[in-house]
Number of protein chains: 2
Amino acid sequence: MLEAAKELGYVPNALAQRFARRKSGNVGVILPFVPKVHLFSTYYFAEILSGIGEAAKACNYDLLLIFREPDSPRDYAKLFRTQKVDACIVLGAQNVVEERAALAELQEEGYPFCLVNQRFDEEGYLTVDADHESGSYEAVQHLIAKGFKQIAFLNGPDAFSSSGDRLAGYKRALEESGIRHEDERIFTGNYSRKSGYEAASRLSEGIRSKRIDAVFVANDRMAIGLMDGLREYGIEAGKDIGLIGYDDSDSSRIVTPKLSTVSVPFYEMGRRAALKLLAAETEEPGNTILPVQLIKRETT
Amino acid sequence: MLEAAKELGYVPNALAQRFARRKSGNVGVILPFVPKVHLFSTYYFAEILSGIGEAAKACNYDLLLIFREPDSPRDYAKLFRTQKVDACIVLGAQNVVEERAALAELQEEGYPFCLVNQRFDEEGYLTVDADHESGSYEAVQHLIAKGFKQIAFLNGPDAFSSSGDRLAGYKRALEESGIRHEDERIFTGNYSRKSGYEAASRLSEGIRSKRIDAVFVANDRMAIGLMDGLREYGIEAGKDIGLIGYDDSDSSRIVTPKLSTVSVPFYEMGRRAALKLLAAETEEPGNTILPVQLIKRETT
DNA sequence: CTGAAAGCGCTAACAC
DNA sequence: GTGTTAGCGCTTTCAG
C-alpha cells in the first residue's frame, strides 16, 4: 500500500531519516585555508576531492566541505558532536601542537577520521600517504644517473611528514652513490611559487661557484618559481642545471622547459581515504602508502 | 539553568535542529563531471568554490558538494525534495535540453538556485556572470591596437552563454575598427588543452597563407594547447602571431611566452552567487554581471 | 516572560 | 511476516 505512494513521487525526507537514524550521512572534508593565498596547488586538492567524491557517492554518503579559517581554532570534534558528519577527512594537516591536539581529541572520543598525505607515525591514525621517500630517492637517483653530483634540495616545511620522507629519500640516494650530503645544499620553502622564486638568490651562488649542479624540489610550484628566479641570474634549468619537481601537476607539463617530476596518485589517495572510513571492511586498517612514479622530462 | 549546561560543553545536535526547523542548513554546489577528464580548469572551480565557501560560512550555512556524473539524470529537484539542501548553486551548467528541463523544474517548484558563469536570458534565473562580451571586445581591441588585422577566434562550445557573449564582443571590436569578420576565422574547441592543440593544424594553414595574424582564444587552457600545437608548425606565439587567452589562470603566467589574457573574478562570482541565495536582502535580484580585466603579457 | 507540551517524519523495536 | 507505536532532540506554539 505504501508501495503505491512511493511510486507516485514519494521521496523520503533525508532530514527526518538522518535524525531518526542518528547518522548525518555526511563525510566532512576539512580543507586548509587556500583561497587567495594559493599556498597549495589547486591541482592537489581538486584531485583528492574528486577521489573522495567518487568513493563517497559509491557508499551513499554526501560530502560536506569545511574550509578551515586561518585564525579559527581547529575544533574538529565539534563537527562530530553536532552530528554534522559521521566521519571526516583532513587535508593539509600539519604537525603543530594545535593540530595534534585537535586530532588527538578526535581519536580519544572515537570519532572516525583519516588523514591524507600526512602521517603522525606515533599515533596510529588512519592515513593514506604516498611513498615520498621512494619518490625522492628515485628523483635524486635519476639526477645522479644523469651525471649530476652536487644536488641541492629545496624542501617543504617541517610540519609536513612528507618533508621528512623526502629528506630521507634524498639522503639515501646520495649515500648509496657515495656522495656526501652537505647541509648547506638543503633549503626550505613553503610550497608557493614565490618561495621557489626567492630561493633562486640563495641557490644561484652555489651554482655559480660550481657547488650545486642540480636541484631536487619538493613540489612543482616551487620548482617553477625557482626556474623563473634562476633565469634572472642567467641560469637555465635543463641546460645549466638539472631540476626535478614533485607532483606532476598540470603546470609541470606546460612550463618551458618541461619539468621532470614525480607523479603522485592524489585522486586515488582521496578515494582510498574515503573508503577507509566508509567501507572499512574492504580496506586495510592503519596507514596505506601508495606508490609514486618518476616522470622524466626536459629539465633533467 | 540551561545556561550552565551550555557552558559545560553542550552543543546542540544539528541533526535534530535541522529536522525540527525543516531546514538542512546546507547549500548544495553542483559540479560538472571533472575528475580525470580535466575538461574545465581546476583553477576555475577552486576559485568559485572558495568564494562560495566564504559566503556560506558568513551566513552559517554548510557546503554540500555534489559531483554530477556523466550519465546520471540531472535531478536537481530531488536535492530539495529530500531536504538535503535549502538552496543550490549550479556550476558549469549548459544550455542543453536536459539541463534546461532540470532548471525549469527547480524554478517551477520554487526552489532557490543560482547559476554561475552561465545565463539563460529568457528564463530570469538568478545568475552571476562575468562580462565576457566586454572582455572579448577589449581583448580583440587590444590585438587590433597592436597592429593585428586578421584575427581568428577559437571559441568554446555553443552550450555556454559565454560563447555567444565572446563572439559578440569579438565581432563588435572588429566592426568598430572596420574589419570585416569572416566565418572561416572562427573555430570551436571544448576548453581542453587538447582541443587547443588540435586546432593548431586548422589554424596553421590560415597563418601560413597570411590570412590569420592573431588568435583570440576563449580560455587559457586551449590557448596554451594552441601555442604548443602551433610550435610544431614552426609558429611562435608572440612572435609570428598574436595570441590572447582568457581566465588569467595560473598557467597563463607560467607558460613561455607569458600569455596575455582576460582576468575573471571567479572567487567573487562564487561569493556573490551564494550571497544571492543566502542573503537575498543585500544582493540585487536577477542577474549580476561582474567586470573582467584585460591582462597584457608577452603574447601580444 | 517562563515553562510545558505537541509534533517534525522518519526508524526501530515490539506486538500481533 | 505485517502493523503499530515509542521516541530521536530539537523548535514552536500555547498556556500559565
Side-chain angles (χ1 to χ4, degrees), chain A residues 1-28 30 56-66 72-73 75-88 105-106 108-113 274 277-281, chain B residues 1-28 30 56-66 72-73 75-88 105-106 108-113 274 277-281:
Chain A
M1 57 193 292
L2 297 175
E3 307 302 321
K6 294 200 184 197
E7 285 176 19
L8 249 349
Y10 165 81
V11 281
N13 180 322
L15 246 36
Q17 211 167 48
R18 289 160 172 199
F19 171 58
R21 288 199 187 128
R22 266 151 298 186
K23 286 255 169 275
S24 69
N26 289 153
V27 15
I30 296 172
K57 174 161 281 179
C59 300
N60 269 105
Y61 272 80
D62 287 319
L63 234 60
L64 204 68
L65 217 57
I66 295 132
S72 73
D75 194 355
Y76 302 152
K78 194 175 181 188
L79 289 168
F80 288 91
R81 294 203 191 96
T82 59
Q83 306 237 43
K84 284 192 175 184
V85 304
D86 298 332
C88 90
E105 188 181 8
L106 291 184
E108 276 163 29
E109 317 230 342
Y111 298 131
F113 68 98
L277 293 169
L278 307 180
E281 326 74 50
Chain B
M1 57 194 291
L2 296 174
E3 307 302 321
K6 296 200 183 194
E7 285 175 21
L8 249 349
Y10 164 81
V11 281
N13 180 321
L15 246 37
Q17 210 168 48
R18 289 160 172 200
F19 172 57
R21 289 200 187 126
R22 266 149 299 184
K23 286 256 170 274
S24 70
N26 290 153
V27 15
I30 297 172
K57 173 160 279 179
C59 299
N60 270 106
Y61 273 79
D62 288 319
L63 234 60
L64 204 67
L65 216 57
I66 295 132
S72 73
D75 195 354
Y76 303 153
K78 193 175 180 187
L79 289 169
F80 288 92
R81 294 204 191 95
T82 58
Q83 306 237 43
K84 283 192 175 183
V85 304
D86 298 333
C88 91
E105 188 181 8
L106 291 184
E108 276 163 29
E109 318 229 342
Y111 298 132
F113 68 99
L277 293 168
L278 308 180
E281 325 74 50

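Numbers restart at 1 for each chain; the letters A, B, ... are given by sequence-line order, proteins then strands.
Look at CZ on R22(A): it is 12 Å from P on dG7(D), rounded to the nearest Å. Taking atom CZ of R18(A) as the reference point, atom P of dT11(C) lies 12 Å away to the nearest angstrom. Residue K23(A) contributes atom NZ, which lies 13 Å from atom C1' of dT11(C) at whole-angstrom precision. Rounded to an integer number of Å, the gap from CG of L15(B) to P of dC10(D) is 10 Å.
Listed in residue order, the members of residues 76-87 of chain B having a heavy atom less than 4.0 Å from DNA chain D come to none.
For dC8(D), the base is stacked against the aromatic ring of F19(A), per a cut-off of 5.5 Å between centres and 30° between planes.
The phosphate of dG9(C) has neither OP1 nor OP2 within less than 4.0 Å of any side-chain N or O from Q17(A). The side chain of Y10(A) contributes no N or O atom lying less than 4.0 Å from OP1 or OP2 of dG9(C).
Counting only heavy atoms from C-beta on, R21(B) has its side chain closest to dT11(D) among dG9(C), dG9(D), dT11(D).
With contacts defined as side-chain heavy-atom distances shorter than 4.5 Å, the pair E105(B)/Y111(B) does not qualify.
Looking at N26(B), D86(B), I30(B) one by one, the single match for side-chain contact (heavy atoms from CB on, under 4.5 Å) with L64(B) turns out to be N26(B).
By the side chain to side chain donor-acceptor pair (under 3.5 Å) test, N13(A) is found to be paired with no residue, residues two or more places apart in sequence or in another chain being considered.
Of all heavy-atom pairs between F19(B) and L15(A), the closest is CD1-C, 4.1 Å. Across every non-hydrogen atom of L278(A) and A56(A), the tightest pair is CD1-CA, 4.0 Å.
Electrostatic pairing of D62(B) and R18(B) counts as a salt bridge here, judged by a charged N lying under 4.0 Å from a carboxylate O.
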